[in-house]
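Below: the structure, in structure tokens.
All values below come from the heavy atoms of this structure, side chains included, with hydrogens, waters and symmetry mates left out.
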Amino acid sequence: QVQLVESGGGLVQAGGSLRLSCAASGGTLSSYGMGWFRQAPGKEREFVATISWRGGSTRYADSVKGRFFISRDNDKNSVYLQMNGLKPEDTGVYYCAASLGGILSMATTGYRYWGQGTQVTVSS
């Protein structure tokens, strides 16, 4: 069973940057499509970005396109989310997720494994 652990969250001023990491254990990520989701207080979990199993294809939510960049390093069994130009509305708990088959999905139901999340707080 794959276990995912997110790190890199924290408190940052608006306009700043953060780089989130997702480290996997208990299995390799090379056969999984990977995604990042976030959940703001009082709101449902929403799609942020996804990347195919070999990293050749990516998709982003319109709200983060051009600011956030997803990448992966299968040799390190890790996935990353570079977040630039952060806004207060980006505040939330960010979750890493793995989907079977290496496919890209924007739906939470497309992912089998989830991390416990890392808090990102953007102040104005």
Side-chain angles (χ1 to χ4, degrees):
Q1 172 144 322
V2 173
Q3 295 177 324
L4 305 174
V5 179
E6 303 93 339
S7 62
L11 176 64
V12 64
Q13 293 285 324
S17 298
L18 284 174
R19 187 188 188 221
L20 305 184
S21 297
C22 174
S25 62
T28 178
L29 296 184
S30 62
S31 298
Y32 295 89
M34 301 297 298
W36 285 97
F37 292 76
R38 67 188 182 188
Q39 188 166 18
K43 296 184 178 181
E44 295 185 353
R45 194 168 300 184
E46 66 175 353
F47 169 77
V48 175
T50 186
I51 187 168
S52 61
W53 70 284
R54 296 190 66 177
S57 298
T58 58
R59 297 170 69 183
Y60 297 92
D62 289 341
S63 59
V64 307
K65 192 173 297 182
R67 299 188 298 121
F68 290 12
F69 302 92
I70 188 171
S71 62
R72 67 189 301 162
D73 188 339
N74 288 341
D75 290 336
K76 296 182 178 180
N77 223 23
S78 297
V79 182
Y80 309 96
L81 184 68
Q82 178 66 47
M83 304 185 295
N84 302 319
L86 284 163
K87 305 174 181 179
E89 53 261 43
D90 294 319
T91 293
V93 178
Y94 282 69
Y95 298 90
C96 176
S99 66
L100 294 176
I103 61 173
L104 281 71
S105 178
M106 298 196 303
T108 59
T109 53
Y111 297 85
R112 181 176 295 273
Y113 302 106
W114 294 82
Q116 296 189 56
T118 184
Q119 177 70 43
V120 172
T121 303
V122 184
S123 64
S124 59

Next item on the list: Report the C-alpha separation of W36 and E6 in whole Å, then their side-chain angles, then the decisive distance to 0.1 Å, and conclude whether the side-chain contact (heavy atoms from CB on, under 4.5 Å) test is met.
Entry: CA-CA 10 Å; W36 285 97; E6 303 93 339; 3.8 Å; yes

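- No donor-acceptor pair closer than 3.5 Å links the side chain of T121 to the backbone N or O of T91.
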Could you pull out all donor-acceptor pairs under 3.5 Å where a side-chain atom in residues 77-84 meets a protein atom, sequence neighbours excluded?
residue, atom, partner, partner atom, Å
N77, OD1, L29, N, 2.6
N77, ND2, A24, O, 3.4
N77, ND2, G27, O, 2.8
S78, OG, K76, O, 3.0
Q82, NE2, N84, OD1, 3.0
N84, OD1, S17, OG, 3.0

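- Within a 6.0 Å sphere centred on CD of Q119, other residues, nucleotides and ligands contribute more than 12 heavy atoms.
- Criterion: ILVMFWY side-chain heavy atoms under 4.5 Å apart, direct or through other members. Under it, V5 and V48 are not part of a common hydrophobic cluster.
- Clustering of Ile, Leu, Val, Met, Phe, Trp and Tyr side chains at separations under 4.5 Å places F47 together with F37, V93, Y95, M106, Y111, W114.
- Note: K43 NZ to R38 CZ = 9.0 Å, rounded to the nearest 0.5 Å.
- Ion pairing between a basic and an acidic side chain is recognised when a charged N comes within 4.0 Å of a carboxylate O; K87 and D90 show no such pairing.
- Heavy-atom neighbours of E44 CD from other residues, nucleotides or ligands within 6.0 Å: at or below the threshold of 12.
- In this structure, S124 and Q13 approach most closely via the heavy-atom pair C-OE1, 4.2 Å.
- Between the side chain of S99 and the backbone N or O of G33 there is at least one donor-acceptor pair closer than 3.5 Å.
- Under the 3.5 Å distance criterion, the side-chain polar atoms of T118 are matched with a main-chain donor or acceptor of G9.
- Within the model, atoms OG of S31 and CZ of R54 stand 11.0 Å from one another, a figure rounded to the nearest 0.5 Å.
- Between L4 and V2, the shortest heavy-atom distance links the atoms CD2-CG1, 3.7 Å.
- Rounding to the nearest 0.5 Å places OG of S52 at 12.0 Å from CE of M34.
- For the atom pair OG1 of T58 and CZ of F68, the computed distance is 14.0 Å after rounding to the nearest 0.5 Å.
- Looking at heavy atoms from C-beta onward, R67 lies out of side-chain contact with Y60 at the 4.5 angstrom threshold.
- Applying the disulfide (SG to SG under 2.5 Å) test to pairs two or more places apart or on separate chains, those with a residue in residues 8-72 are C22-C96.
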